[in-house]
Amino acid sequence: MKKKIITITGAAGNIAYSLIFRLLSGQIFPKNIKIQLNLLDIPESAKILKGVKYEIEDCAFKTLDSIVTTDSMEVAFGDSDYILLVGAKPRIKGMQRSDLLLDNANIFKDQGIAINKHCKDSVRIIVVGNPANTNALIVSHHTPKIPPENITSLMRLDQNRAKSIFASKINVPVPSIRRLIVWGNHSATQFPDINNVQVEGLDNFDNKYNNDWIREDFIPRVQNRGAEIIDYRGKSSAASAASAVYDHLNCIINGSGDWESMGVLTTNTYNISSEIFYSFPLNVNTNNYKVIENLEISELSYSYLKTTEEELINERDIIKDLL
Ligand code: NAX
């Protein structure tokens, strides 16, 4: 029997509490491969982590090989095949976004250094903790032995939200929507883009909505969906975020037949500055991805692309001393 090691940081937190159970009950690997879970959190969360471990054991998952709980990065990252960097400090009342950026940047710098020291260079890393794109840039900077293509940041929650809201507007099932992508940052500047959308079984779906709805309702709704969830639930998205991490990991392992959105290290594609993690439309195959190039971009769309790029450049400026 073979096994794969998946490391999850912030394993005592809210997203992990959904993610772990989704991972172990899913079909991400062939049946002969079992999962070893390495669960990392800070020492103050050790008691919670023990409770989480007991609950995982109580599920008697067939997919589980073993569980390691730890506050040591060396233990958590060593030999890992997939690392899901979820753990980060939440923004607290009165805190500036720049303070949060710097606090979390330091966590991701230390984790990058540890990953570079202890991991094999084939490890695949998904950055979830916010600000996810800029944290991915920091990790990438401190992991010179790991190919930058092995590091992506989570945009799938935004893509899932956009698909679901759009499907509901034109009254079709979500899986029939294809090629709906999200550009840029995982933040309120992101650009959910329906310009290339295909709807299975509908040739003229564009007469079911109008452009005013896209500009004035759809785009801001997707951009601010996280805040909307906090308003209703009193807490940030956790189950939907976990589900999106599962989808993203599944894509990386098994490929995808649709266009996907992930934050990747830029190389001047679409005239977006290099050296930021920016979400592009991707074709994802087993173990590699390719940015879909040469899409037609209208002047309006391009202005959205540049606004979210500008935010990412500002974030990079704030943490520049850590690069
Ligand atoms: P929680 O506050 O519930 O959990 C965070 C966990 O991380 C805690 O258990 C904490 O002890 C741990 N932690 C803090 N510092 C750590 C360190 N240095 N090493 C290991 N663990 C550490 O947050 P949760 O709701 O789980 O969200 C986690 C992160 O995901 C946040 O940064 C959040 O903003 C981000 N999100 C990102 C999303 C995305 O699409 N990229 C969407 C959902 C979510 O908002």
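In this chain, residues are counted from 1 in sequence order. Here the structure is a predicted model, which means the values were calculated and not measured. Counting convention: from 1, in listed order, for ligands and their atoms alike. All values below come from the heavy atoms of this structure, side chains included, with hydrogens, waters and symmetry mates left out.
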Exercise. Determine, for Lys120 against Asp81, whether the closest basic-nitrogen to carboxylate-oxygen distance falls under 4.0 angstrom.
Key: yes
Quiz prompt | Partner residues of Lys306 under the salt bridge (charged side-chain N to carboxylate O under 4.0 Å, His left out) criterion, sequence neighbours left out | solution = Glu309
Practice problem: Could you see which bit of Leu157 sits under 4.0 Å from ligand 1, with heavy atoms only: side chain, backbone, both or neither? | Solution: side chain
Practice problem: Write out the residue and atom name of the closest protein heavy atom to atom 26 (O) of ligand 1, then the distance separating them to 0.1 Å. | Solution: Ile15 N, 2.9 Å
Quiz prompt | Selection from Asp41, Asn185, Ile126, Thr9 by shortest heavy-atom distance to atom 10 (C) of ligand 1 | solution = Asp41
Practice problem: Decide whether the shortest distance between a heavy atom of Gln111 and an atom of ligand 1 is less than 4.0 Å. | Solution: yes
Self-check item: Part of Ala132 within contact of ligand 1 (heavy atoms, under 4.0 Å)
Solution: side chain
Quiz prompt | Protein heavy-atom partner closest to atom 18 (N) of ligand 1 - residue, atom, separation in Å | solution = Ile107 CG2, 3.4 Å
Quiz item: Where is the nearest protein heavy atom to atom 29 (C) of ligand 1: which residue, which atom, and how far?
Solution: Val86 O, 3.2 Å
Quiz item: With a cut-off of 4.0 Å, which atoms of ligand 1 are near a heavy atom of Leu154?
Solution: 39 (C), 40 (O), 41 (N)
Practice problem: Validate the cation-pi geometry between Arg124 and Tyr82: distance from NZ or CZ to the six-membered ring centre under 6.0 Å, angle to the ring axis within 45°. | Solution: no
Quiz item: In terms of residue, atom name and distance, what is the protein heavy atom nearest to atom 39 (C) of ligand 1?
Solution: His186 NE2, 3.2 Å
Quiz item: So among Trp183, Tyr278, Phe191, Tyr302, which one has a ring-ring contact (aromatic ring centres under 6.0 Å, His included) with Tyr270?
Solution: Trp183
Practice problem: Keeping the roles fixed (side chain from Arg233, backbone from Ser236), state whether a donor-acceptor pair exists under 3.5 Å. | Solution: yes
Quiz item: Are Asp321 and Lys109 close enough for a salt bridge, meaning some N to O gap below 4.0 Å?
Solution: no
Quiz item: So Phe61 and Phe21, would you call those rings parallel, tilted or perpendicular, with 30° and 60° as cut-offs?
Solution: tilted
Quiz item: Is there a heavy atom of Ala238 sitting under 4.0 angstrom from any atom of ligand 1?
Solution: no
Quiz item: Counting heavy atoms only, which of Gly13, Ala241, Ser236 is nearest atom 43 (C) of ligand 1?
Solution: Ala241
Quiz item: Which residue owns the protein heavy atom closest to atom 23 (O) of ligand 1, what's the atom, and how far is it?
Solution: Asn14 N, 4.5 Å
Quiz item: Starting from atom 6 (C) of ligand 1, which protein heavy atom do you reach first, and at what distance in Å?
Solution: Gly10 CA, 3.6 Å
Exercise. Using ring pair (Phe, Tyr, Trp, His ring centres under 6.0 Å) as the criterion, list what pairs up with Tyr289, not counting sequence neighbours.
Key: none
Self-check item: Protein heavy-atom partner closest to atom 5 (C) of ligand 1 - residue, atom, separation in Å
Solution: Ala88 O, 3.7 Å
Exercise. Rounded to the nearest 0.5 Å, what's the gap from NZ on Lys320 to CG on Leu137? Could you check?
Key: 13.5 Å
Self-check item: From Ile42, Leu19, Ile229 - option closest to atom 17 (C) of ligand 1 by heavy atom
Solution: Ile42
Quiz item: Are any of the side-chain nitrogens in Glu275 or Arg316 under 4.0 Å away from the carboxylate oxygens of its partner?
Solution: no
Quiz item: Counting each atom of ligand 1 from 1 as listed, which ones have a heavy atom of Gly87 under 4.0 Å away?
Solution: 7 (O)
Self-check item: Side-chain H-bond candidate by donor/acceptor type, Ser243 with Ser240, under 3.5 Å
Solution: no
Self-check item: Nitrogen or oxygen atoms of Val128 and ligand 1 under 3.5 Å apart
Solution: yes
Self-check item: Which atom of Thr267 lies closest to which atom of Ser274, heavy atoms considered
Solution: CA-CB, 4.2 Å
Quiz prompt | Atoms of ligand 1 close to Gly129 [distance to a heavy atom under 4.0 angstrom, numbered from 1] | solution = 29 (C), 30 (O), 32 (O)
Exercise. Counting heavy atoms only, name the option from Asp110, Asn135, Asn130 that's nearest to atom 45 (O) of ligand 1.
Key: Asn130
